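Beneath this line is the structure, given in structure tokens, with notes to follow.
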Number of protein chains: 2
Amino acid sequence: MKLSTKGRYGLRAVLDLAVHADEEAIALSQIAERQGISMNYLEQLIAKLKKAGIVKGIRGAQGGYILAAPAEEISVGAILRALEGDLNPVDCSEVNQGDGMCSNSDSCVTKYVWKRISDSINDAVDTIKLSELVAESKRVQTGAGATDTKVNKSCGK
Amino acid sequence: MKLSTKGRYGLRAVLDLAVHADEEAIALSQIAERQGISMNYLEQLIAKLKKAGIVKGIRGAQGGYILAAPAEEISVGAILRALEGDLNPVDCSEVNQGDGMCSNSDSCVTKYVWKRISDSINDAVDTIKLSELVAESKRVQTGAGATDTKVNKSCGK
DNA sequence: TTTAATCCCTATTAATTTACTCGGTTATAA
DNA sequence: TTATAACCGAGTAAATTAATAGGGATTAAA
């Protein structure tokens, strides 16, 4: 039940793109360096984002990537689904098989659980817009704390 | 971002246990057969559930397993966390490192996204009690539909 | 006491997925 | 034309998952 590096790196990459959106087009190499991600790997991630219509590539020298829409219109959900595939906790086939008819009544009932989890995840990510993160990022960068050297919390066990 | 078979099989197993709670103790072999799960594998899952205090084992001939508490007091969240570990979309360390200080402002900002997802998942599963599933399971089993032969929905792509 | 049925524990393995790397091609500004 | 950067597809090492396998330990009934 973990997001892969695709989602984690990819969201950072899109955010980086959005934050630096004033410049014309951002080269992958710049994002890779700023975010500490291998350029080759980042290429794969951005390919998914391009396919999903979230970013646009501009080829040739001085080329790079730009957002395909204003940051207000791009949800974190769309970004994560582009990178990770659907965000359902179990495969679609397992949830949709039957609907009214189940070979096993228990597996039938657990489907409602997966559906509730799925809905809550999708609802959460769809209500966060990229623009919110951009604003927060700019706020964090310009002062605001940043000198706190608090150590990691114990974190459970 | 998928639940493993541990969570999927394990929840079914607990539900099976809860549904058949009238009998004294349920043998693993019965659950394994009813749910179509290998008995050896199921043993591993039930061990986690036992460790988490969700089920109790009764040893010896005629032994088996029973719920450690009434089904009303057991949440799906507790079951899934026992089987899968925490339900956070990223590792705890990645979210808690720093808190007020981030080496990279973008990774700092994305932490809020992971937190929101995490909260929504945990909230969803914690509000579903095992007793609800038991009631639903009994309702499904005793008539109600079950003749519907609707084919799988297309399921995106 | 014997036997059967069960819990309990650890190790090994096969398959799958993840997280990359690498080599080459195409397009475009200078 | 040359440098730059997007684009494309295949290949691979490491990690994780999903089991399998088997050897006790414990208890209840015969």
Side-chain angles (χ1 to χ4, degrees), chain A residues 1-14 17 20 23-68 80 83-86 89-91 94, chain B residues 1-13 17 20 23-33 35-68 80 83-86 89-91 94:
Chain A
M1 199 57 180
K2 291 273 181 278
L3 234 41
S4 72
T5 54
K6 290 196 191 77
R8 301 208 310 276
Y9 294 175
L11 180 58
R12 288 227 309 274
V14 176
L17 206 56
H20 297 89
E23 295 137 59
E24 212 28 74
I26 315 288
L28 265 196
S29 57
Q30 291 179 53
I31 301 177
E33 197 181 10
R34 273 196 294 257
Q35 300 297 328
I37 305 168
S38 127
M39 159 123 181
N40 280 320
Y41 191 39
L42 191 55
E43 242 175 35
Q44 291 184 15
L45 308 186
I46 209 98
K48 285 171 184 280
L49 293 164
K50 201 175 95 98
K51 205 169 168 184
I54 291 168
V55 301
K56 269 202 296 210
I58 295 169
R59 303 184 67 153
Q62 267 42 263
Y65 286 94
I66 55 169
L67 293 180
L80 290 180
L83 293 160
E84 297 273 341
D86 65 66
V90 301
D91 271 338
E94 190 157 348
Chain B
M1 198 59 181
K2 291 275 179 279
L3 236 40
S4 72
T5 54
K6 290 196 191 77
R8 302 208 309 275
Y9 293 175
L11 180 58
R12 288 227 309 273
L17 205 57
H20 297 89
E23 295 138 58
E24 212 29 75
I26 315 290
L28 266 196
S29 58
Q30 292 179 54
I31 301 177
E33 196 181 11
Q35 300 297 328
I37 305 169
S38 125
M39 160 121 181
N40 279 321
Y41 192 40
L42 190 56
E43 248 177 27
Q44 292 180 26
L45 308 184
I46 209 100
K48 284 172 185 280
L49 293 164
K50 201 176 94 99
K51 205 169 169 185
I54 291 167
V55 302
K56 269 202 293 206
I58 294 168
R59 308 185 65 152
Q62 269 38 268
Y65 285 95
I66 54 168
L67 293 180
L80 291 180
L83 293 160
E84 297 272 341
D86 65 66
V90 301
D91 271 337
E94 191 158 348

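Keep in mind it's a predicted model, so treat the numbers as computed, not measured. Letters A, B, ... are given to chains in the order of the sequence lines, protein chains preceding strands, and every chain is numbered from 1.
- Put simply, CD on B:E43 is 14 Å from P on D:dG23, counting in whole angstrom units.
- Protein chain A touches strand DNA chain C; the 5'-most and 3'-most nucleotides with an atom under 4.0 angstrom of its non-hydrogen atoms are C:dA19 to C:dA29.
- Applying the side chain to side chain contact (heavy atoms under 4.5 Å, CB included) rule to A:A68 yields the partners A:K56; only residues at least two apart in sequence or on another chain are considered.
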I would like to know whether B:L3 and B:L11 meet side chain to side chain contact (heavy atoms under 4.5 Å, CB included); could you show each step before the answer? CA-CA 11 Å; B:L3 236 40; B:L11 180 58; over 6 Å; no
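- Residues satisfying the side chain to side chain donor-acceptor pair (under 3.5 Å) test with A:K2, not counting sequence neighbours, are B:D86.
- Relative to the axis of its first five pairs, the axis of the last five pairs of the helix from C:dT1-D:dA30 to C:dA30-D:dT1 sits at 10°, rounded to 10 degrees.
- Sequence order on DNA chain C of the closest nucleotides to B:A47 and A:T5 puts B:A47 first from the 5' end.
- B:E84 places a side-chain heavy atom less than 4.5 Å from the side chain of B:S4.
- DNA chain C lies under 4.0 Å from at least one heavy atom of each of the following residues of residues 50-60 of chain B: B:K50, B:I58, B:R59, B:G60.
- Side-chain atoms of A:I31 and A:I37, non-hydrogen and from C-beta on, never get closer than 4.5 Å to each other.
- The side chain of B:S4 contributes an N or O atom lying less than 4.0 Å from OP1 or OP2 of D:dA18.
- Taking every heavy atom of both residues into account, B:L80 and B:G7 meet most closely at CD2-O, 3.8 Å.
- Considering only residues two or more places apart in sequence or on other chains, B:Q30 meets the side chain to side chain contact (heavy atoms under 4.5 Å, CB included) condition with B:E23, B:I26, B:A27, B:R34.
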Output side-chain donor-acceptor pairs under 3.5 Å for residues 38-48 of chain A, partner residues at least two apart or in another chain, one line each.
residue	atom	partner	partner atom	Å
A:S38	OG	A:N40	N	3.3
A:S38	OG	A:Y41	N	3.1
A:Y41	OH	A:T5	OG1	2.8

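- Not a single side chain to side chain contact (heavy atoms under 4.5 Å, CB included) links B:A61 to another residue, sequence neighbours left out.
- The side chain to side chain donor-acceptor pair (under 3.5 Å) test applied to B:Q35 returns A:N104, A:D106, B:R12, B:D16, not counting sequence neighbours.
- Contacts of residues 33-40 of chain A with DNA chain C (heavy atom under 4.0 Å): A:S38, A:N40.
- Contacts of A:I46 with the nucleic acid, taken as non-hydrogen atoms under 4.0 Å apart, are absent.
- Taking 4.5 Å as the limit, some side-chain heavy atom of A:L83 sits within range of a side-chain heavy atom of A:L49.
- Counting to the nearest Å, the C1' atom of D:dG22 and the OH atom of B:Y41 are 18 Å from each other.
- One N or O donor and one acceptor, one from the side chain of B:Q44 and one from the base of D:dT20, sit under 3.5 Å apart.
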